[in-house]
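Here's the structure, in structure tokens; my notes come after.
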Amino acid sequence: MIKDYFNDLVSGIEDKMAHDPKNRTPRKVYALEVARLGQRLYGGNDRVAWCGVAAPFDLLTAMGVTSCFVEFVGAMLASTGMAPAFMEEAERAGFAGDICAYHRSVMGAAQKNMMPIPDFLIATSCPCSGGLAIMENLAKEFEKDLFVLNIPQEASPEGVRYLADQMRDMVAFVADQTGEPLKDDALMEIIKQTNRARQLMADVYALAQSVPSPANSMTLSNLGIVMALLLGSPQGVEVAQAYYDDFSEKVARGISGAKNEQFRLLWIQNRIQYKNPLIPFLENELGAVIVADELNSITWDPIDPQDPYTGFAKRAISIPFNGWGARRISHLKKMAKDYKVDGAINPCHWGCRQGTGMRGLIADGFKEIGVPTLNLEVDCVDSRNFAEGQLKTRLEAFTEIMEARRG
Amino acid sequence: MAEKNSLKIGFTCANTPLPIIEAAGFSPHRILPMGDCPDLSGQHLHDNLCPHVKKSLDAALSGDMPDIAGMCFMNSCDAMRRMADAWRALRPDDPLLLLDLPTTTDSRSISFFADELRRMAKALAKWSGAPFDESAVKTCASRFNTLCGVMKSVSEKYRSRRLEGGAARIQELRNMASTQSTIKSLAALEEIDCQPLSDPPEYDSADPDAPVPVFLFGNAMPDPKAFELFESCGIHIVGDDLCTGSRMFQPISLEPETEEDETGDIYLTLARGIMRRPPCARTFSAQNPGAIADDILSGAKACGARAVMGHILKFCDPYLDRLPMIRNRMKEQSVPLLLLEGDCTLRSVGQQGTRIEAFVEMLR
């Protein structure tokens with residue numbers, strides 16, 4: 001079923017692009033590559049590794065492994081409306097309704113044989129304890145070998161060395177699993193592609209800060225976190241290049257990505273993954289455009305080909321969800337200033353202790369720089385309790401606050 | 001050494017390296033999630049964080065804790081990390097440490113945790129204004145191990161129903177030993193250990209009122225009255241693996257295991273000793289996923305329990321996410337299992353009374 005979904009998605013996007021070159025928007029290029037990734041994961045021909053969010057996906061690509069964080073499946077199931085059935089399956093199996101819905105839907109899918117059986121799994125201790133526990137569950141469910149990367153909280157010399165050494169161990173583990181060692185030329189090639197995509201994405205995010213922004217509320221949705229899966233590949237560079245070309249042209253010509261950019265918003269953490277009317281309502285009826293997403297940022301230096309594991313380690317440690325909350329708050333405040341936003345929206349994904357847990361502290365941080373925050377109560381994957389009317393009312397009230405602050 | 005100035009270092013996790021705190025001349029004080037402090041943490045942390053964290057923070061914000069010279073947090077789970085964030089923001093004058101605790105116990109992780117212990121020693125020396133005495137670490141760890149031994153001896157007396165006060169008394173002693181220096185706790189426990197034993201109640205094996213021996217696992221439940229309540233429902237806790245229970249008082253092995261240990265790196269030895277103690281759900285084995293269920297099963301068998309009871313705090317991902325594995329394992333082995341969800345209040349335990357009684361009825 002899911003394999004067919006991805007096949008249909010790929011052929012549909014390819015047809016549209018072939019039919020009219022104007023359809024080759026950056027979002028379509030991105031969607032096509034995401035769909036192709038889904039095809040590879042579900043196709044049955046590739047070596048597959050289910051991973052934690054902070055895994056070095058480009059390094060796994062260099063070793064001939066198609067890898068993906070499991071939350072991707074949760075998001076995909078939500079976007080297609082299939083997640084609730086799988087969550088019910090997980091709840092029947094004893095997974096509490098209070099745990100993250102990304103993880104519940106993944107466990108339900110695994111139990112219904114809707115997750116491809118991986119060759120092995122790579123768990124990461126960042127971003128969350130729940131994600132780590134789910135990887136342990138999946139390893140048991142699939143009876144496949146599990147490798148754990150402990151991501152230190154700080155980029156201290158000891159922490160970086162510890163993670164870099166673990167990544168070397170991971171390479172040995174993968175080689176053991178696949179029977180193929182990492183080749184130097186493959187490593188150098190993915191580093192080249194990763195650094196190229198990294199630079200393009202940094203430029204894309206800088207362009208997105210323009211007023212008006214070349215992005216509308218959906219252009220950059222989920223981009224940063226999913227781009228991690230495409231790093232190290234020519235496809236990753238292609239997606240980044242498509243965004244760069246589009247944004248460069250729009251900024252040069254002063255074209256706004258949205259029809260009516262009255263208010264600029266920063267979206268905290270993840271988007272709501274199922275179909276919902278909030279974003280169109282915000283943009284079309286309230287003139288509030290999401291120009292920035294927390295995860296759309298480059299927090300790491302280019303990978304040094306002479307010392308790649310140190311670079312991969314520093315990159316994983318630099319994720320804003322890692323370490324002290326104060327670091328994340330500083331990062332958010334900087335984004336708010338760089339993107340010149342009028343307000344921030346925190347969906348407060350239910351079940352997310354690491355992210356939602358500090359919502360009060362985040363709101364306090366924004367208050368210090370005069371940016372109002374709207375804390376919603378939304379489950380970003382579980383649509384069963386979605387309260388459209390209440391949420392719309394709160395968005396309207398928030399827009400009024402932003403308007404009043406302008407005087 | 002400990003006791004020289006009785007300054008306290010607060011902590012909230014059973015994995016906290018107490019010998020380092022004591023070797024630095026401080027007295028460890030666990031902030032226990034109990035009491036009736038108003039909910040102040042809710043303004044800063046989301047409602048979906050575990051009550052262990054929120055109630056500990058409530059105690060701190062309400063001033064329901066002694067003066068401290070600093071706090072030592074463990075990065076044991078998301079909620080603990082968020083509590084450290086909130087503490088830093090809301091009690092900015094408290095010096096803070098957040099120690100990274102790897103989730104696996106391989107040699108690289110132990111070595112990294114040893115570096116964290118070195119960092120901790122340096123920070124504590126700065127807080128105390130005195131150089132850190134590395135030679136005191138082994139003495140403090142040995143004393144802690146002696147304390148664990150005496151605690152085990154007293155617990156055995158409870159198990160054989162010869163300790164006045166039952167399970168509630170044991171929990172009071174554990175709370176006492178969590179909130180003062182090892183020297184003081186040891187003196188108090190040794191005195192209790194030497195006291196004459198009460199006669200155990202005699203039950204015929206067919207006696208329908210005989211308490212049912214149960215193994216209790218889970219996270220934090222420090223209120224002694226909760227244990228009274230458990231017992232009043234007809235269970236006898238013959239073994240436990242709770243964060244505020246026996247897990248807190250597991251000895252730290254100081255035996256050298258590698259040539260590196262022979263070099264006398266006390267931080268490495270201590271790191272290994274701490275990380276190799278029986279873990280809570282947040283630490284696991286990549287080579288043996290689901291081992292937590294085996295550990296609970298063997299814990300139950302070792303103490304002769306007829307059933308297993310889990311008391312899990314709401315929103316505790318490390319446990320909640322692993323409950324299906326635990327449930328399946330118990331089912332495979334035909335071990336009766338009762339799972340309770342709590343919030344560190346007596347009220348929540350009280351609401352479960354009927355379920356516990358029904359469970360006991362089923363077992364009798």
Side-chain angles (χ1 to χ4, degrees), chain A residues 90 93-96 98-100 103 107 121 123 125 127-141 143 145-148 150 152-154 156 158-159 161-163 165-166 169 323-326 328-329 348 350-361 363-365 375 377, chain B residues 41-46 48-50 53 75-86 88-90 98-104 106 108-109 111-112 115-116 118-119 281-282 284-292 312 314-328 339 341:
Chain A
F95 288 93
D98 287 328
I99 71 169
C100 172
H103 299 143
M107 284 314 302
L121 302 97
S125 63
C128 61
S129 315
L132 200 56
I134 288 306
M135 293 299 287
E136 188 189 359
N137 273 279
L138 289 172
K140 187 159 180 67
E141 179 83 22
E143 298 181 348
D145 289 342
L146 170 69
F147 187 90
V148 178
N150 285 289
Q153 294 291 289
E154 299 296 331
S156 63
E158 295 83 2
R161 189 176 61 238
Y162 171 46
L163 183 52
D165 285 344
Q166 290 179 77
D169 292 345
W324 283 98
R328 182 181 176 203
I329 292 167
C348 301
W350 182 256
C352 179
R353 324 298 170 207
Q354 69 82 18
T356 297
M358 59 186 293
R359 71 172 183 181
L361 301 173
D364 290 345
N375 287 324
E377 293 290 350
Chain B
S41 57
Q43 294 169 30
H44 310 281
L45 301 173
H46 194 270
N48 73 4
L49 279 191
C50 93
V53 158
N75 179 26
S76 43
C77 61
D78 299 334
M80 281 288 178
R81 197 160 63 246
R82 295 291 80 92
M83 173 158 62
D85 287 328
R88 187 152 101 165
L90 302 171
L98 175 61
L99 291 188
D100 240 337
L101 180 67
T103 60
T104 51
D106 51 277
R108 282 204 199 287
S109 297
S111 181
F112 172 71
D115 286 337
E116 285 295 274
R118 276 188 198 90
R119 184 167 72 85
R282 56 83 58 194
F284 67 102
S285 164
Q287 287 72 39
N288 188 13
I292 185 173
I312 309 299
K314 280 176 80 66
F315 311 125
C316 173
D317 283 336
Y319 272 100
L320 289 178
D321 287 344
R322 290 172 172 97
L323 286 182
M325 293 194 286
I326 295 169
R327 189 182 279 121
N328 291 343
L339 290 175
E341 195 173 71

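Residue numbers start from 1 in every chain, and the chains themselves are labelled A, B, ... in the order their sequence lines are given, proteins ahead of strands.
- Between A/Thr356 atom OG1 and B/Asp78 atom CG the span is 10.5 Å, to the nearest 0.5 Å.
- Contacts of B/Phe284 with chain A are made by side-chain atoms alone, with heavy-atom separations under 4.5 Å and no backbone atom involved.
- Ranking B/Pro318, B/Cys77, B/Ala79, B/Ser109 against chain A, the residue ahead of the rest is B/Ser109, based on heavy-atom pairs under 4.5 Å.
- Contact between B/Leu320 and A/Ala96 at its shortest, heavy atoms only, is CD2-CB, 4.2 Å.
- Separating the CG atom in B/Asn288 from the NZ atom in A/Lys140 is a distance of 7.0 Å, to the nearest 0.5 Å.
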Start with the C-alpha gap between B/Arg82 and A/Leu361, add the side-chain angles, then the distance that decides, and say whether side chain to side chain contact (heavy atoms under 4.5 Å, CB included) holds.
CA-CA 9 Å; B/Arg82 295 291 80 92; A/Leu361 301 173; 6.0 Å; no
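- Looking at B/Arg108, both its backbone and its side chain come within 4.5 Å of chain A, counting heavy atoms on both sides.
- Interface check for chain B: of the options A/Gly360, A/Gly94, A/Gly357, the most heavy-atom pairs under 4.5 Å are formed by A/Gly357.
- The choice from A/Asp145, A/Asn375, A/Leu121, A/Leu132 that makes the most heavy-atom pairs within less than 4.5 Å of chain B is A/Leu132.
- Contact check for A/Glu136 versus B/Arg322: side-chain heavy atoms found under the 4.5 Å cut-off.
- With a 4.5 angstrom heavy-atom cutoff, B/Ala84 touches chain A via backbone and side-chain atoms both.
- With a 4.5 Å cut-off on non-hydrogen atoms, B/Arg88 touches chain A through its side chain but not through its backbone.
- Of the residues considered (A/Phe147, A/Trp324, A/Phe95), A/Trp324 shows the highest number of contacts with chain B, using heavy-atom pairs under 4.5 Å.
- For B/Asn48, the parts lying near chain A are the backbone and the side chain together; criterion is any non-hydrogen pair under 4.5 Å.
- A/Arg353 CZ to B/Leu45 CG: the interatomic distance, rounded to the nearest 0.5 Å, is 12.5 Å.
- When A/Arg359, A/Gln166, A/Arg161 are compared by the number of non-hydrogen pairs under 4.5 Å with chain B, A/Arg359 comes out ahead.
- When all heavy atoms of B/Phe112 and A/Glu158 are compared, the closest pair comes out as CD1-O, 4.0 Å.
- Rounding to the nearest 0.5 angstrom, the gap separating the CG atom in B/Asn75 from the OG atom in A/Ser129 is 8.0 Å.
- Looking at A/Ala93, the atoms closer than 4.5 Å to chain B (heavy atoms on both sides) all sit in the backbone: N, CA, C or O.
- When all heavy atoms are compared, the tightest approach of B/Asp85 to A/Ala326 is OD1-N, 4.2 Å.
- The minimum heavy-atom distance linking B/Arg81 with A/Gln153 is given by the pair CD-OE1, 2.8 Å.
- In this structure, CG on A/Asn137 lies 6.5 Å from CG on B/Asp321, to the nearest 0.5 angstrom.
- With a 4.5 angstrom heavy-atom cutoff, A/Glu143 does not touch chain B via any of its atoms.
- Interatomic distance, SG of B/Cys316 versus CG of A/Asp98, reported as 11.5 Å (0.5 Å rounding).
- The choice from B/Leu98, B/Val53, B/Asn328, B/Leu323 that makes the most heavy-atom pairs within less than 4.5 Å of chain A is B/Leu98.
- Between chain B and the options A/Ala123, A/Ala363, A/Pro152, heavy-atom pairs under 4.5 Å are most frequent for A/Pro152.
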